[in-house]
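Here is the structure we will look at, set down as structure tokens.
Side-chain atoms are counted along with the backbone in the values below, which use heavy atoms only and exclude waters and symmetry mates.
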Amino acid sequence: MTSYSSDLLRLLSTRGYIHQATDGAALDALASKQIVPGYIGFDPTAPSLHVGSLVQIMLLRRLQQSGHKPIVLMGGGTGKIGDPSFKDEARKMLTEDTLATNVASIRRIFERFLTFGDGPTDAVMLDNAEWLDALEYIPFLRDVGQHFSINRMLSFDSVKLRLDREQSLSFLEFNYMILQAYDFLELSRRAGCRLQLGGSDQWGNIVNGIELARRMDGTEVFGVTTPLITTADGGKMGKTMAGAVWLHEDQLPHFDYWQFWRNTDDRDVGRFLRLFTDLPLDEIARLEALEGAEINEAKKILADAATALCRGPDAAAEAAETARKTFEEGSAGGSLPTFVVDGSIGIVDALVGLGLAASKGEARRLIKGGGARVGADKVTDEALVVTVGDEPVRIAAGKKHHGLLVRG
């Protein structure tokens, strides 16, 4: 592990965030002597971000914790195009009203992880629509476009993937990497931003921005990327049987969020504690050394800490108590996801309505595989109709996903 002198890079390195860095020694020296404003961009394609974005949110939190200034850049402009990086097809076009609504909703998430304000290390949220919407096409091509080589852009893995598969890459999407590079230039001018952070899939876009700032302004800026976060079994971080693990409680109940972390693979516990909680490293070392049944206590601590950061301490305590009642006492805790029915409902519709299956087809496969239960009884017939009286009926998908049917 590289030895760093700045609090920023030491913190990022020891907790496992650094995959690549451009001129790490120069960035280390800069972060040792001054406040470094750094940014990450997020396209507001939905009202909530999901767990797949959490490592980037935590990066901004680490930036602030080490005495530097986080800039949350919302892609109100680039979100009208959509990042084509490693995507198989173009994203659905969103209206300006939808983008604005999503930005306002997403801000609530960042307010839980960062301190916003006017101070030197307080976080700020900016929207690239402020400058991208005002661009004039011909001046932009003359001033900015001349610094980009089509040959080089075609060599990026994110572009080659689409072309090699003979999948369409529109001229609109092809412009995305130029606009993202321009964001870095604008932020260096407007906010003195010297650092862009992002996932490893953003390396090419970050390098583009660094080169553009150097060519147009002679400004030295830097980039740091994180490793691709996958689970120990090779799965994509944040993907579950029932779909994305959303950060907003509007999209995912507290209990389900807590349970996602509780279900962490034994091999991932230490790494996830370092990345997604503020627990001290010596305490994490103790927890990840636990074996057998004791590792479950470490998973509960991970679930409590991660949920408290994202949803608040009360939500974490409520979810933990629900889990205790559900799994240890066999009763139904109060914060399980619920679905209101008018007397009775088919088991397939119940599984989908509770979010325990993403589709009816998935619900049928779950039943066929013996993974669905009503109360303590395994479901063997996908045509089963569940009748709900005065008491809620507990539905389970596998051993760890539960919900309640309640009468309307």
Side-chain angles (χ1 to χ4, degrees), residues 45-53 88-89 91-92 94 98 102 105 231 233 235-264 303 307 310-311 315 318-319 322-323 325-327 330-408:
T45 54
S48 173
L49 300 174
H50 54 69
V51 163
S53 298
D88 289 337
E89 57 186 20
R91 283 180 174 167
K92 179 183 175 183
L94 300 175
T98 299
N102 289 349
S105 178
T231 55
D233 60 7
K236 191 171 183 180
M237 176 70 184
K239 293 292 184 182
T240 68
M241 178 187 66
V245 180
W246 297 103
L247 301 183
H248 256 325
E249 55 268 32
D250 300 345
Q251 274 75 34
L252 188 75
H254 296 319
F255 175 80
D256 287 352
Y257 189 77
W258 187 95
Q259 193 65 28
F260 166 76
W261 296 104
R262 171 63 181 82
N263 292 343
T264 296
T307 305
C310 184
R311 303 294 183 85
E318 177 186 313
T322 296
K325 289 183 176 180
T326 301
F327 301 117
S331 62
S335 68
L336 288 175
T338 60
F339 188 63
V340 178
V341 301
D342 185 16
S344 60
I345 187 174
I347 184 60
V348 169
D349 290 330
L351 288 164
V352 174
L354 286 165
L356 300 177
S359 66
K360 290 186 177 182
E362 190 173 279
R364 292 187 181 98
R365 288 191 293 273
L366 179 71
I367 294 167
K368 188 175 181 179
R373 295 193 311 281
V374 175
D377 300 324
K378 182 182 292 187
V379 178
T380 57
D381 182 4
E382 67 181 48
L384 176 71
V385 174
V386 181
T387 300
V388 183
D390 294 335
E391 292 295 319
V393 176
R394 187 169 60 182
I395 306 294
K399 295 181 179 179
K400 300 176 180 179
H401 300 279
H402 300 251
L404 298 176
L405 298 178
V406 295
R407 187 170 186 134

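No side-chain donor-acceptor contact under 3.5 Å links Arg262 to the backbone of Asp256. A donor-acceptor contact shorter than 3.5 Å is absent between the side chain of His248 and the backbone of Asp250. Of the possible polar contacts, none joining the Arg394 side chain to the Leu405 backbone as a donor-acceptor pair under 3.5 Å is found.
Between atom CD of residue Glu318 and atom OG1 of residue Thr307 there is a gap of 11.0 Å, rounded to the nearest 0.5 Å. Of the inter-residue distances, the one linking Lys368 atom NZ with Glu382 atom CD reads 9.0 Å to the nearest 0.5 angstrom. With rounding to the nearest 0.5 Å, the separation of OG in Ser53 from CG in Leu247 is 7.0 Å. Annotation: the span from Leu354 atom CG to Asp349 atom CG amounts to 11.0 Å, rounded to 0.5 Å. A distance of 11.0 Å separates CZ of Arg373 from CD1 of Ile347, quoted to the nearest 0.5 Å. Atom-to-atom distance recorded for His50:NE2 and Leu252:CG is 12.0 Å, nearest 0.5 angstrom.
The nearest pair of heavy atoms linking Ile395 to Leu356 is O-CD1, 3.7 Å. Listed here is the closest heavy atom pair of Pro47 and Ser105: O-OG, 2.6 Å. Closest of all the heavy-atom pairs between Lys378 and Gly370 is CE-O, 3.6 Å. The two residues Trp258 and Ala323 have their closest heavy-atom pair at CZ3-CB, 3.4 Å. When every heavy atom of Ala396 is checked against every heavy atom of Leu351, the shortest pair comes out as O-CD2, 4.3 Å. Among all heavy-atom pairs drawn from Thr387 and Val393, the shortest one is O-CG2, 3.9 Å.
Using a 4.5 Å heavy-atom cutoff, the side chains of His401 and Asn263 are in contact.
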